[in-house]
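Below is one structure, written out as structure tokens; comments come after it.
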Amino acid sequence: MQVLCMANQDFADVTCKVCGEAYKLYFERPSGREDAIARVSQTLVEHHETGDGMNVHPLKPFNVPAWSGKAQYSGAALLGGAPSWA
Ligand SMILES: [Zn+2]
């Protein structure tokens, strides 16, 4: 299922194992959260494998798995109750 990841140090559901960046997650469905969290954790590690330096994570909210549309219109954002952002 799809998850929206927004950087949030105060209400983090998952933390990058490499750099410690913290994300709050918005889930498309309530079930399967643990699998989704594990997947996001893996995706964050992959950002470091494919990126350069420490600032490898997207600055804007992003979806896991990747979604080609705007993140704020994704199912995870709409169904997960994500706050709106610019
Ligand atoms: Zn990281």
Side-chain angles (χ1 to χ4, degrees):
M1 76 150 151
Q2 191 183 63
V3 186
L4 177 74
C5 308
M6 289 181 87
N8 188 326
Q9 297 291 340
D10 296 328
F11 300 99
D13 292 305
V14 64
T15 306
C16 176
K17 288 180 210 165
V18 180
C19 71
E21 184 84 16
Y23 289 90
K24 172 145 182 62
L25 307 181
Y26 296 90
F27 300 89
E28 189 175 20
R29 291 192 302 274
S31 59
R33 289 172 69 107
E34 285 182 14
D35 284 349
I37 288 169
R39 207 155 162 195
V40 170
S41 184
Q42 180 59 33
T43 299
L44 292 172
V45 171
E46 284 167 9
H47 286 163
H48 286 279
E49 288 168 354
T50 55
D52 214 12
M54 288 309 274
N55 298 315
V56 295
H57 303 301
L59 293 174
K60 292 186 174 173
F62 60 96
N63 288 97
V64 175
W67 145 268
S68 58
K70 293 194 175 198
Q72 62 263 51
Y73 300 130
S74 65
L78 299 173
L79 298 172
S84 57
W85 69 88

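Atoms within each ligand, like the ligands themselves, are counted from 1 in listed order. Note: hydrogens, waters and symmetry copies are ignored here, and every other heavy atom, side chains too, is used. Residue indices begin at 1 and follow the sequence shown.
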Connected to Tyr23, directly or through other members, by ILVMFWY side-chain contacts below 4.5 Å are Met1, Val3, Val14, Leu25, Phe27, Ile37, Val40, Leu44, Phe62, Val64

Any chance you could measure Asp13, atom CG, to Arg33, atom CZ, to the nearest 0.5 Å? 6.0 Å

Nearest 0.5 angstrom please: Gln2 CD to Leu78 CG, how far? 9.0 Å

Tell me, which protein N/O/S atoms are under 2.8 Å away from the Zn ion (ligand 1)? Cys16 SG, Cys19 SG, His48 NE2, His57 NE2

Would you sort out whether Cys19 and His57 count as a side chain to side chain contact (heavy atoms under 4.5 Å, CB included), showing the intermediate values? CA-CA 10 Å; Cys19 71; His57 303 301; 3.5 Å; yes

Sub-4.5 Å side-chain heavy-atom contact between His47 and Cys16: no

Can you tell me if Asn63 uses its side chain to pair, donor with acceptor, with the backbone of Pro65 under 3.5 Å? no

